[in-house]
Amino acid sequence: MQHIIFTTQNKNLNYNISMYKSEHFTDSLFYQIELTAKYCRSLGMQIFPKLNMPLTVDEYSAMDVIMLHDGICQRELAKIILKDRPNTGRILNALEEKGYIERFADTKNNRLVRKMIITEEGRKVFEYTSELLREHLSKIPKIISDEEKTFVKIICKKLRDGLKNEVEMKI
């Protein structure tokens with residue numbers, strides 16, 4: 001195996017990451033990203049029930065996006081939360097049944113679409129859930145600094161932008 005040193009400087013960030021060049025799948029960047037995503041998802045799946053949250057992880061994610069994009073349609077929401085349309089529909093049905101969102105018919109490009117907004121009750125529940133989440137997560141020891149988080153986000157976006165040119169994908 002060949003030893004590789006990767007060093008980069010980004011403003012005040014100076015990283016020196018040592019790794020071994022290998023052809024093993026489990027050593028690949030793609031594997032590491034996927035595994036980390038699974039850990040993050042599992043954390044959310046465990047925290048929400050543990051704290052008796054009034055929302056599921058998926059409902060919380062959907063509400064967060066709807067709060068940022070008032071009047072978003074289901075297709076666009078599905079793309080952002082990385083769910084297919086049927087799963088997104090189930091999430092929205094649950095939120096609507098709980099009274100946290102309202103859906104209404106509208107047109108987009110001369111087509112009928114269903115859009116949604118957060119209700120006042122939904123806003124209260126979202127804010128309450130966000131506060132519970134912040135409190136709980138603040139008690140977890142910091143694994144990486146805010147600067148490192150920013151650096152990882154920048155690198156992931158750069159990788160994703162590069163892959164967009166190479167991969168046909170419908171999200």
Would you call the rings of Y31 and F25 parallel, tilted or perpendicular, where under 30° means parallel and over 60° means perpendicular?
perpendicular
Any heavy-atom pair between the side chains of L77 and I91 that's under 4.5 Å?
no
What I'd like to find out is whether the side chain of R75 reaches to under 4.5 Å of the side chain of K108, using heavy atoms alone.
no
[atom1]/[X]: more than 12 non-hydrogen atoms of other groups inside 6.0 Å:
X: L68; atom1: CG; answer: yes
X: E131; atom1: CD; answer: yes
X: F104; atom1: CZ; answer: yes
X: R111; atom1: CZ; answer: no
X: N109; atom1: CG; answer: no

Give a yes or no on whether [X] and [Y] share a hydrophobic cluster (residues Ile, Leu, Val, Met, Phe, Trp, Tyr; joining criterion: side-chain heavy atoms under 4.5 Å apart).
X: V152; Y: L137; result: no
X: L132; Y: Y100; result: yes
X: L133; Y: I118; result: yes
X: I117; Y: V65; result: no

Measuring from atom [atom1] of [X] to atom [atom2] of [Y], what distance do you get when rounded to the nearest 0.5 angstrom?
X: I66; Y: F126; atom1: CD1; atom2: CZ; result: 10.0 Å
X: L29; Y: C156; atom1: CG; atom2: SG; result: 7.5 Å
X: L55; Y: L95; atom1: CG; atom2: CG; result: 7.0 Å
X: D58; Y: M63; atom1: CG; atom2: CE; result: 13.5 Å
X: E121; Y: K98; atom1: CD; atom2: NZ; result: 11.5 Å
X: I72; Y: I101; atom1: CD1; atom2: CD1; result: 11.5 Å

Identify the two heavy atoms, one from [X] and one from [Y], that lie closest to each other, and give their separation to 0.1 Å.
X: K115; Y: G71; value: CD-O, 2.9 Å
X: H136; Y: K50; value: CE1-NZ, 4.0 Å
X: G44; Y: P49; value: O-CD, 4.3 Å
X: C73; Y: M116; value: C-CE, 3.9 Å

Determine yes or no for a side-chain-to-main-chain donor-acceptor pair under 3.5 angstrom, with [X] supplying the side chain and [Y] the backbone.
X: Q46; Y: R41; answer: no
X: E148; Y: S145; answer: yes
X: T119; Y: G99; answer: yes

Between D161 and K164, does the salt bridge (Lys or Arg N to Asp or Glu O under 4.0 Å) criterion hold? Intermediate values first, please.
CA-CA 5 Å; D161 289 346; K164 283 179 185 176; 3.7 Å; yes
Could you check whether N87 and R90, counting side-chain N and O atoms only, form a donor-acceptor pair closer than 3.5 Å?
yes
Test side chain to side chain contact (heavy atoms under 4.5 Å, CB included) on H69 and I80 and set out the steps.
CA-CA 11 Å; H69 304 281; I80 295 171; 4.2 Å; yes
Stepwise salt bridge (Lys or Arg N to Asp or Glu O under 4.0 Å) test for E127 and K124
CA-CA 5 Å; E127 289 170 5; K124 289 177 187 174; over 6 Å; no
Passes side chain to side chain contact (heavy atoms under 4.5 Å, CB included), N93 versus R103? Steps please.
CA-CA 9 Å; N93 287 342; R103 292 195 268 188; 2.3 Å; yes
